[in-house]
Participant: 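The structure under discussion is supplied below as structure tokens; questions concerning it will follow.
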Amino acid sequence: MQFSSKSGWPRPGVLQETVPTPMNKTGSWRFLTPVFQESNAPCRLACPLESGIPHWLNKVRQGDLQGAWQVMQVYNPFPAITGQVCYRFCEEKCHRASWDEAVAVREVEKAVGLWRHKNYRTDKTGQNGRLKELAGKKVAIVGSGPAGLSCAYYLRQSGAAVTIFEKLPLAGGLLATGIPDYRLPRDILAKELKILEAEGVNFRTGREVGQEISLPELQAQFDAVLLAVGAQQSRRLQVKGEKLPGVSGALEFLGDLHTGRRKAVAGQVVVAGGGNAAVDAACMAKLRGAREVSLLYRRSREEMPAHPEEIEAAAAAGVNFVFETVLQEICGEARVEKVCALHTAPSRRGEPLQVLPETAFELQCDLLIVAAGQESNLPALDPALQNAVQQANKKNPARGSLNLENKLFAAGDALTGPASVAAAIFGGRQAALQLRQALGEQPGTAAPEPSGRTSGFNRGLLPPAETATPDSAAAFSEQFKTRAAVYPGIAPPLQGPQEAIGYDNLNAFLYPKQGRQVATQQEAGRCFSCGTCSRCGVCWVFCPEPAIKQEPDGSFQILLDYCKGCGICAVECPAGVLSMEEVPGHGT
Amino acid sequence: MGRKLLDGNQAAALAVKLARAQVVCAYPITPQTSLVESIAGMWAQGDFSGEYVSVESEYSALAYLIGAAYAGARTFTATSSQGLAYMHELLHWAAGARLPIVMVNANRALGAPWSLEPDHLDSLAQRDTGWIQFYCAAVQEIMDTLLFSFRLAEETRLPCMVIYDGFVLSHTVEVVEPPLQKQADAFLPAPPAKAALQTEQPQNLQAVTSFQYLARVFQERHLDMLQVPRVAKKLTREYAAILGRSYPLVEACGLKEAATVVVAAGSAAQTIKSVLPALNSPEGPTGLLRLRLFRPLPAEEIVSLLARPHIQRVVVVDRDLSAGLGGIFAQELRALLQGSPFEGKICELNLAGGVDLTPQLLRRGLKAAAAGGGEQGRIIWGVDL
């Protein structure tokens with residue numbers, strides 16, 4: 001054995017070569033064989049985008065933000081946005097939480113996104129390494145929310161000419177009008193839109209499909225159309241006085257504030273509803289000057305459909321929560337003056353609501369914001385579309401996007417109803433995948449997902465060609481081609497049974513909880529790489545035989561000629577990618 | 001030298017280097033392998049001043065060292081499991097000849113069946129060979145104890161075995177602070193130059209003898225063994241004065257108020273120590289007694305530490321089994337505490353086969369002991385919990 005370090009201490013990563021005793025092939029003792037198998041990390045399964053989180057975290061850990069972006073954008077082209085607004089579904093499921101504290105995935109994601117914003121360049125050719133698969137194809141996307149933008153990004157990367165139609169004068173959909181600006185600073189959105197424009201996405205704002213241009217006209221002019229129109233149709237409360245001035249839907253209220261149609265809020269505000277839109281509206285009302293904001297929800301805080309993160313933010317902003325309460329009537333002469341409400345008996349979501357008639361009370365109200373849920377904008381565009389969605393759904397349930405008819409697709413909230421930004425981006429990505437197929441892209445360029453078995457650990461990480469020096473547009477372009485050849489430009493959705501890899505929390509007691517205030521690279525280094533080989537070399541350290549071999553590129557091989565099958569590698573592998581399996585013919 | 005990240009085997013190898021061992025002879029065996037590899041690696045790079053000798057078996061390794069020790073050399077070997085068993089005959093010889101050989105044993109279960117689990121029976125089966133035995137609980141302790149053992153062995157002229165759990169300590173990296181060479185030299189002077197065997201004066205050593213003489217040899221060895229705790233305490237003070245670290249022969253934790261005392265050796269004790277505050281039961285707090293020196297058994301220390309009226313129960317954790325009797329540590333404790341208030345109150349939690357002692361398992365074991373299990377003949381089996 002040779003060690004390259006001066007002191008002669010063996011350490012993983014510095015082992016130059018392993019020289020087993022060639023004659024002594026102890027592999028013949030083996031009746032259990034280590035098997036390399038990557039599994040699903042719980043964060044990835046929790047992520048609406050099914051993002052390969054351990055992969056890009058590993059790139060960040062290596063200090064390679066360019067590489068991290070390359071991996072990231074396969075799943076999510078807008079990490080700067082999701083890094084601000086995502087509800088951290090991944091962190092809820094992070095195995096590291098059982099050890100000390102979940103990895104701050106969203107913070108790292110944001111850092112990757114901001115790196116991209118800072119380092120984005122267009123190269124001399126203006127092509128930026130885009131592929132030519134869909135060159136000459138024209139796609140219209142209706143709606144410029146996260147689903148539409150995401151689809152535009154991926155189609156543009158495939159070389160299609162993309163035009164986005166937006167009925168409002170500003171692009172971004174809910175990102176621009178719905179999500180409070182304290183959650184998503186608008187300069188981040190602006191930068192994202194600017195990059196898309198630089199990539200050649202054509203924005204036509206203030207053009208409402210159905211008004212300025214009809215859907216059939218679009219279909220005639222473009223090779224394909226994606227409807228990513230969102231779900232902004234506010235449901236009604238069905239109580240008396242709902243038509244009075246001073247009553248507003250939550251999204252209308254938020255839209256008015258963000259587009260400048262409403263400058264400030266004053267007086268007593270009542271919000272009815274318990275979802276994210278209700279909480280966002282309540283928060284914004286409070287922040288924009290309302291004297292007092294009361295949020296009425298028919299069940300308890302625990303039952304609120306809004307994300308706990310939002311609820312906490314609202315409580316911190318000073319929103320007054322009134323639980324187990326329903327609106328009975330909205331009163332006022334020329335405009336809303338007060339609301340009458342009733343308490344309800346405690347109930348869980350899904351259970352019938354029992355109103356307590358003797359508990360009526362009144363609340364002064366200058367502005368009532370109704371947030372009783374939203375519905376898809378598709379029926380408003382064309383009532384037949386809802387029917388088409390139902391029909392298509394019956395045939396093949398939608399996962400993010402749906403092929404409605406020939407070259408007509410739908411994706412995002414318009415399809416699923418109000419979900420999350422991440423889910424909408426996933427929908428756009430899915431639509432791009434479907435569109436790419438429908439527009440005749442040659443199948444077979446997509447590499448398989450990292451699953452299945454090999455005798456080596458090579459598949460744990462993306463190939464070395466992924467690592468690059470940032471700032472170089474040419475390198476970026478070259479990289480992109482390499483990447484496109486080995487990795488799907490658009491990640492296909494996960495297939496088959498989706499079980500997360502387990503985690504046996506043995507030693508949590510040894511380590512105190514850690515604070516979160518750490519550098520991005522360090523934080524990424526906290527990832528356990530669950531289910532994904534991170535080439536940490538622990539298998540090599542523990543293998544009692546020369547049966548684990550490190551290749552010059554850092555990957556590992558199992559030399560079965562020398563593996564006695566003791567299983568220590570499988571016990572010790574912190575990522576859980578090794579398991580022991582019985583081999584027919586041995587020990588039987 | 002500053003702080004380093006080392007695993008148990010690397011720490012042991014570094015201690016052997018710092019001790020300026022003159023002859024190292026060993027045969028590789030899992031989980032000891034990386035220890036001798038490290039020494040061989042240092043030797044190949046010119047970083048190790050002693051001789052490294054490769055032989056074809058553990059038997060030859062110890063035989064070689066016996067010769068080297070007769071010639072007055074400071075000697076070291078390391079092994080595990082079957083390798084130690086293979087040395088058995090010569091272990092007796094080294095002790096009988098009063099050769100201060102130092103060895104490491106990284107615990108590993110004896111076959112059959114073939115296994116790599118950290119069962120303690122390999123070293124406990126050598127309990128009666130006349131070697132001093134230390135059981136370590138952490139990587140830093142391995143390094144310190146090994147350096148310490150060379151001096152202890154040479155002062156008492158008794159061979160010394162430094163023992164730690166295979167993989168759990170041999171392959172697990174911890175932060176350690178290696179002594180500087182000058183500190184090691186200050187504690188451990190050069191080995192005595194006088195050799196038993198001299199080429200100019202050929203002799204026949206340990207030749208055939210009568211029972212009268214043999215009885216005196218055995219008696220003397222026993223009496224010298226009994227002096228080990230006293231010598232070790234003196235040397236511990238010296239070590240602490242130079243390096244600022246010291247380890248008791250029996251480590252006590254939280255005994256001042258404990259209602260239940262867990263007795264354990266090796267890395268399991270470290271696990272128990274780290275969860276002690278979380279182990280308080282309705283009966284009261286739980287304490288730990290860690291057996292670090294096992295041969296000779298520091299009887300006085302154990303008895304005086306347990307002589308507290310609030311201690312209701314003693315639970316001995318054994319990762320070994322003398323088939324037909326039970327765990328060896330439990331039996332030693334029962335013999336030692338015969339006639340004390342603990343008679344009949346010493347429970348045994350048995351992890352033979354290398355069962356990993358997790359906090360959950362420990363809790364279940366303590367619950368079973370509180371429910372009246374684990375007394376003589378009623379072992380609480382870790383594998384059943």
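Letters A, B, ... are given to chains in the order of the sequence lines, protein chains preceding strands, and every chain is numbered from 1.
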Participant: To the nearest 0.5 Å, tell me how far B:Ser34 OG sits from A:Phe542 CZ.
Facilitator: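 Between B:Ser34 OG and A:Phe542 CZ, I get 9.5 Å after rounding to 0.5 Å.
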Participant: Report yes if the side chains of B:Thr30 and A:Glu545 come closer than 4.5 Å at any heavy-atom pair, otherwise no.
Facilitator: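 They are in side-chain contact.
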Participant: Would you call the rings of B:Trp114 and A:Trp29 parallel, tilted or perpendicular if under 30° counts as parallel and over 60° as perpendicular?
Facilitator: perpendicular
Participant: Under the rule for ring pair (Phe, Tyr, Trp, His ring centres under 6.0 Å), what residues qualify as partners of B:Tyr52, not counting sequence neighbours?
Facilitator: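 Not a single residue meets the ring pair (Phe, Tyr, Trp, His ring centres under 6.0 Å) criterion with B:Tyr52.
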Participant: Compare every heavy atom of B:His171 with every heavy atom of A:Val541, then report the nearest pair and how far apart it is.
Facilitator: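 Scanning both residues, the minimum pair turns out to be O-CD2, 3.2 Å.
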Participant: So, using salt bridge (Lys or Arg N to Asp or Glu O under 4.0 Å) as the criterion, who are the partners of B:Arg108 when residues are at least two apart?
Facilitator: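 With neighbours one apart ignored, the set is empty.
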